[in-house]
Engineer: 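Okay, here's the structure, questions in a sec.
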Amino acid sequence: MERTPRDCAEGGRYYEYVIDGIKDMIARGELKCGDKLPSERELAERFNVSRVPVREALKILEYTGLLNSSRGDGAYVRNTVPEGSFEKMAFAVSATTDALMDLLELRINLEAFAAYNAAQRRTDEDIQALNQAIVDMRQAKKDPNIDDETTQNLRRLSHEFHRRMVRAAHNRVLSSMYENLYELLDISRQFTTVSSVSYNSILAHETVFNKIVQQDAEGARQSMEEHLADVRINLSAKLAKAKADELSQTAPAD
C-alpha cells in the first residue's frame, strides 16, 4: 500500500515518504540518470510537506550515492548506484531520536578515550597534523562569504581534526573502530548540520589541542567531553525543532 504524508506523520518521519517518492520517480522513468531533480520548493509542493523533510531526504539520498549535488545548481540522479548504498539507506531511514542520541553517546566515550591517550602518546607529526586542521578552520572561517561550499569545508575540517586526534591515540583497535563507525557518524551529521562551524567550536578544538600538546591527559579528556556535550545540546535542539516542524504538517488550518 502506498504511504501518504499522514502515514509518515504517525511515525514522525516525513523524509521517508519523500525518499520513497523520489525513488518511485526514478523507477517510473520520470527521472533518469543525469537528470536534475525539481527544486526543494517544487518537491515540497509535490509531496505536500514542508521543505524540512525534503532537505533531509535529499541529504540521505546523496549520502547513499543515488544523487549528486552541485553547488548552486541543485541535485542530479547519479549514473551508478555504489555498493552498500542500500545498507546505508536502511540505517538512514531508521534513524530515530534515540538512535542518534545513542550514537552520539558512543562517540563521546570513544573520543574522550582517544583524547586522553593522544595526550600521552602524540608524536611531533600528530601535533603538526592537528595544528594544521585548526589553522585551516580559522582560515576558512575568515571567508566573508559563508556559502554552502564554505560551510561544508568547515565541517570537513572539523571532522578531520577529530579523526587525526583518534589516530594520535595510537591504538589500532580504536582507530579501526572509529573508521568503521565513521559512516554512521557521517549519516548522523546529515540530521545535525548547522549553518557553519562557530568560533566557539573552533575554540573548543583548540582547547583539546592545547591539552594534548601539554600532555595533560585528564584535561584533554574533560575538554573533549565538554565539547561534545555542547554538540549533544545542539543535536537535541535540532531534533526537537525537526519534530515540531513535522507535527506542524498535521496541525489543522485556522
Side-chain angles (χ1 to χ4, degrees), residues 1-5 7-8 11-96 99-100 103 140 145-160 162-163 178-197 238-239 242 245-246:
M1 180 181 296
E2 183 178 354
R3 289 193 295 182
T4 67
D7 294 331
C8 292
R13 292 193 291 268
Y14 281 101
Y15 63 87
E16 288 187 26
Y17 172 69
V18 178
I19 287 172
D20 285 347
I22 293 174
K23 288 169 63 181
D24 188 54
M25 291 168 70
I26 295 173
R28 293 199 316 267
E30 184 176 344
L31 287 172
K32 300 179 177 64
C33 291
D35 285 352
K36 181 179 179 181
L37 268 69
S39 67
E40 286 184 7
R41 178 184 59 79
E42 292 169 327
L43 288 171
E45 292 176 353
R46 179 185 183 115
F47 297 120
N48 194 30
V49 297
S50 73
R51 292 193 188 187
V52 174
V54 170
R55 193 170 299 120
E56 298 296 353
L58 293 177
K59 288 177 182 177
I60 291 170
L61 290 171
E62 181 181 3
Y63 169 77
T64 61
L66 294 176
L67 303 179
N68 270 336
S69 290
S70 178
R71 176 172 170 260
D73 194 30
Y76 290 80
V77 180
R78 282 188 58 143
N79 290 323
T80 59
V81 179
E83 182 180 356
S85 64
F86 293 104
E87 287 80 2
K88 293 179 183 179
M89 179 76 75
F91 174 80
V93 299
S94 65
T96 63
L100 291 172
L103 185 57
N145 301 312
I146 301 296
D147 53 18
D148 287 342
E149 183 176 355
T150 303
T151 296
Q152 291 303 316
N153 185 43
L154 280 163
R155 291 180 64 240
R156 180 187 63 79
L157 293 170
S158 173
H159 302 165
E160 188 58 28
H162 287 264
R163 295 179 82 175
Y178 193 81
E179 289 302 321
N180 289 331
L181 281 169
Y182 195 77
E183 286 193 343
L184 295 185
L185 294 171
D186 190 57
I187 189 61
S188 75
R189 291 182 179 107
Q190 303 305 317
F191 293 84
T192 58
T193 303
V194 293
S195 58
S196 182
V197 174
K238 170 106 177 167
L239 291 171
D245 288 338
E246 288 182 345

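Note that these values count all heavy atoms, side chains included, but never hydrogens, waters or copies made by symmetry.
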Engineer: Between E160 and R156, does any NZ, NE, NH1 or NH2 come within less than 4.0 Å of an OD or OE carboxylate oxygen?
Structural biologist: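 No, no charged N to carboxylate O under 4.0 Å.
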Engineer: I need the minimum non-hydrogen distance between G34 and Y76, along with the two atoms involved.
Structural biologist: O-CD2, 3.4 Å
Engineer: Does some side-chain heavy atom of Y15 sit less than 4.5 Å from a side-chain heavy atom of R55?
Structural biologist: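 Not touching, per the 4.5 Å side-chain cut-off.
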Engineer: From the options L58, V54, L61, select the one residue that forms a side chain to side chain contact (heavy atoms under 4.5 Å, CB included) with V18.
Structural biologist: V54
Engineer: Rounded to the nearest 0.5 Å, what separation is found between the CG atom of L31 and the NZ atom of K36?
Structural biologist: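 Rounded to the nearest 0.5 Å, the CG-NZ separation comes to 12.5 Å.
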Engineer: If you round to the nearest 0.5 Å, how far is CD of E45 from CZ of R51?
Structural biologist: 8.5 Å
Engineer: Would you give the length of the straight line joining atom CZ of R78 to atom CD1 of I26, rounded to the nearest 0.5 angstrom?
Structural biologist: 12.0 Å
Engineer: Is the backbone of G21 close enough, under 3.5 Å, to the side chain of D24 for a donor and an acceptor to pair up by distance?
Structural biologist: no
Engineer: When you measure from the side chain of E42 to the backbone of S39, do you find a donor-acceptor pair of N or O atoms at a distance under 3.5 Å?
Structural biologist: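 Yes: the side chain of E42 pairs with the backbone of S39.
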Engineer: Check for a donor-acceptor pair, side chain of K32 on one end and backbone N or O of G29 on the other, with a separation under 3.5 Å.
Structural biologist: yes
Engineer: Provide the closest heavy-atom pair for P38 versus L43 in the form atom of the first, atom of the second, distance.
Structural biologist: O-CD1, 3.6 Å
Engineer: Once rounded to the nearest 0.5 Å, what's the spacing between atom CD of E30 and atom CG of D35?
Structural biologist: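 Nearest 0.5 Å value for the CD-CG distance: 10.0 Å.
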Engineer: Can you check whether F47 reaches I22 side chain to side chain, under 4.5 Å on heavy atoms?
Structural biologist: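 Contact flag for F47/I22 side chains = yes.
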Engineer: Return the CD to OG distance between E40 and S50, rounded to the nearest 0.5 Å.
Structural biologist: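 Separation between the atoms: 10.0 Å.
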Engineer: Are R46 and M25 close enough that some pair of their side-chain heavy atoms sits under 4.5 Å apart?
Structural biologist: yes
